[in-house]
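These notes concern the structure reproduced below.
Predicted model only: the values in this text are computed from it and were never measured. Letters A, B, ... mirror the listed sequences (proteins, then strands); counts begin at 1.
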Number of protein chains: 2
Amino acid sequence: MVSSKDVAKHAGVSQTTVSRVLNTPELVKPKTIEKVMQAIEELNYVPNDIARSLVQKKTGIITLISGPLHNPFFVDTTTAIVNYVNARGYKVNVYFGTEDNLNSIYNAVLETKADAIILSSMLYQDDLFYKLEKLAIPFIMFNRKHKENRHFVEIDNVQAGYLATKHVLSLGHDSLCWIGGPHQMSTFYGRYLGFEQALQDYGLDAKLVPTFLTNTNKMDIERAFAELLQLEKRPTAICAATDAIAIEILNLCLERGFQVPRDFNIIGIDNVELSKHHSIALTTVGLTSEENLGFIAIEKLFEVMEKKSTCIRQTESVKIFPRNTTCKIN
Amino acid sequence: MVSSKDVAKHAGVSQTTVSRVLNTPELVKPKTIEKVMQAIEELNYVPNDIARSLVQKKTGIITLISGPLHNPFFVDTTTAIVNYVNARGYKVNVYFGTEDNLNSIYNAVLETKADAIILSSMLYQDDLFYKLEKLAIPFIMFNRKHKENRHFVEIDNVQAGYLATKHVLSLGHDSLCWIGGPHQMSTFYGRYLGFEQALQDYGLDAKLVPTFLTNTNKMDIERAFAELLQLEKRPTAICAATDAIAIEILNLCLERGFQVPRDFNIIGIDNVELSKHHSIALTTVGLTSEENLGFIAIEKLFEVMEKKSTCIRQTESVKIFPRNTTCKIN
DNA sequence: TAAAGAAATGAATACGTAACCATTTTGGTG
DNA sequence: CACCAAAATGGTTACGTATTCATTTCTTTA
């Protein structure tokens, strides 16, 4: 391992000067720069970013705790976040959280010296929030909100649930069902509230509408769908709390020989890239703006890092994207 | 920032003992451990992993240079790699390489002290290979091979191209075309060779078969497809070098009102998770084994890190997965 | 040419940990 | 009780950089 001391010796200058050549060359004589650069070349010197981090107390690392990539929402956000962070000259430590590994991820993250944290795994009531505040480094949640109501970027979940539901209701469906996730997550809870509200506006009793709250892995969704098929009165429209769920339901429908939207209407929320594929063509609700939610969040996080803001609370408006998995009831 | 020195003072022991309590508690008297642990609690001490890295010359970081996630192949491999690495207690620095940003990624990576590098962005002739060997840290390529023929895990690309092509030929298609990527990548070149070989085996002249070599972003694939549609004699079967290309071609077909497989047969290579979705149901060629290629590669990389192996050269066998985007010609 | 100020360089130190070596304490044995 | 080995602990240093402060060298001006 060749260090800046080696370079210094080789160039006949002090280590300080080597450091200056790399960081503040305007303070060093051109001839000296040349000498040092040549020594760097000859010795194949590469600065040690760990040592630099130690002394500067900046690691240049952003920690991202994402959901798993089999959820296409996280494909979009991870792409946006990683690319943005790298373009800003930072590195990204990525974790994919599931029900199983989340705690060990938190342990690892809390011991890691990152410059900031961006995450989408927080529950509405979660002690993690307070641990992160104690860490005293900037953090932001995307697609999740904590009850303390700080440091988040989300879509208007209630409105999203409302618009999705209203869409199928206005197509004439009166036999709906809801497939969502655990209500400890602000996302699912908010969307469900919107669902309820829309039913109410159409004079339907939410209590009579089948509701499946499931974990969002493949197996549990399949279980929920199996239950759905057992219902006395099969719904004609399935409102899924996320595109990920919707797309998996679509898969299960086709797998069992159903046709969509003939046998089932399906609507999602998130407007993920995959939903636009013409094989899928999922009707969904998504951001009014063209931006990706992960992008908005990471941009805001950098604002906080740069002390341009101190606390982000942002709720983005949504609209409906009608595609081919919903249609007028005959 | 509370350090182990602060803990030491607070507990009335030396910093050495604090370090020992955390790393080799079996060398410390139980009563002392207790004292120190209490001090750690009270002061809310968290070890500084940067300082540890500096002294131990191990960062606990694996660098992953992946392709972009809009390519579903990289969704699968990134998932496998990140989860494996984290389960092993390491962190992952992720980069998504494209034509544009690859050089700046390389610059960043070469200055970063990672314990190992796993990448899928290497060209067959690429100076990067030699720079990485100079770095003297373990690295492995997945899905790419360098001409030096070291440090790689790949599928049998020639065989894959061969099987895919033979499949559509055996279905009665005699009007094929090939949509692939730049031949500087071993993956594309090998698969094309297999394509040629299969044509030859069926008595067709590869030189007369339309071949589109394109960059693998959406826009360039669309351009290639537009060209394809201009051909005097439209092929009945499209052999795509990757599932990513195949799935995008499928999208373009549907977008333009074509039906698959009626108007076009489409076959891919990689057997990505998405290809199994019943909306897509892409016929493809993939690993004989159940494992993900990224998983195999990262597992091998850890073997190298643990000195159990020194150099990986692995080519995995493949088989055909017939689904719904191909059918007998009528 | 001398003096003063600016520019360029260097020496020493801090960052927070693990590791090495030295020292003290403990426990067991004759 | 004395002695010795083993267990437990502590002092010091290294890791490789940036930074602070001091010193030297150069340039300008009277």
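Following rounding to the nearest Å, B/Arg52 (CZ) and C/dA19 (P) show an atom-to-atom distance of 10 Å. The CG-P distance, from B/Asn48 to C/dA18, rounds to 10 Å in whole Å. Residue A/Asp49 contributes atom CG, which lies 17 Å from atom P of D/dC15 at whole-angstrom precision. One atom, CD1 of A/Ile40, and another, P of D/dG16, lie 16 Å apart when rounded to the nearest Å. Atom-to-atom, CD of A/Gln56 to P of C/dG16 comes out at 14 Å; the value is rounded to the nearest Å. Taking atom CG on B/Leu54 and atom C1' on D/dA14, their separation rounds to 9 Å, with Å as the unit.
Residue contacts for A/Val13: at a heavy-atom cut-off of 4.0 Å it reaches the sugar-phosphate backbone alone, with no base atom in range. As judged by a 4.0 angstrom heavy-atom cut-off over every strand, A/Thr16 is placed among the base-contacting residues. Within 4.0 Å (heavy atoms only), B/Ser53 reaches no atom of the nucleic acid at all.
For B/Ser104, the side-chain hydrogen bond (donor to acceptor under 3.5 Å, both in side chains) test picks out no residue, with sequence neighbours left out.
Comparing the start and finish of the helix from C/dT1-D/dA30 to C/dG30-D/dC1, five pairs each, the helix axis swings through 40°, to the nearest 10 degrees.
Taking the six-membered ring where tryptophan is involved, the planes of B/Phe129 and B/His146 are essentially parallel, since the angle between them stays under 30° and well short of 60°.
The phosphate of D/dT9 has neither OP1 nor OP2 within less than 4.0 Å of any side-chain N or O from B/Ser14.
Sorted by residue number, the members of residues 1-11 of chain B with any non-hydrogen atom under 4.0 Å from DNA chain C read B/Met1, B/Ser3, B/Ser4.
For A/Val28, the listed nucleotide lying nearest its side chain is C/dT9; candidates were C/dT9, D/dT17, C/dG16.
In this structure, A/His70 has its ring center no closer than 6.0 Å to that of A/Phe96.
Sequence order on DNA chain D of the closest nucleotides to A/Gln15 and A/Lys29 puts A/Gln15 first from the 5' end.
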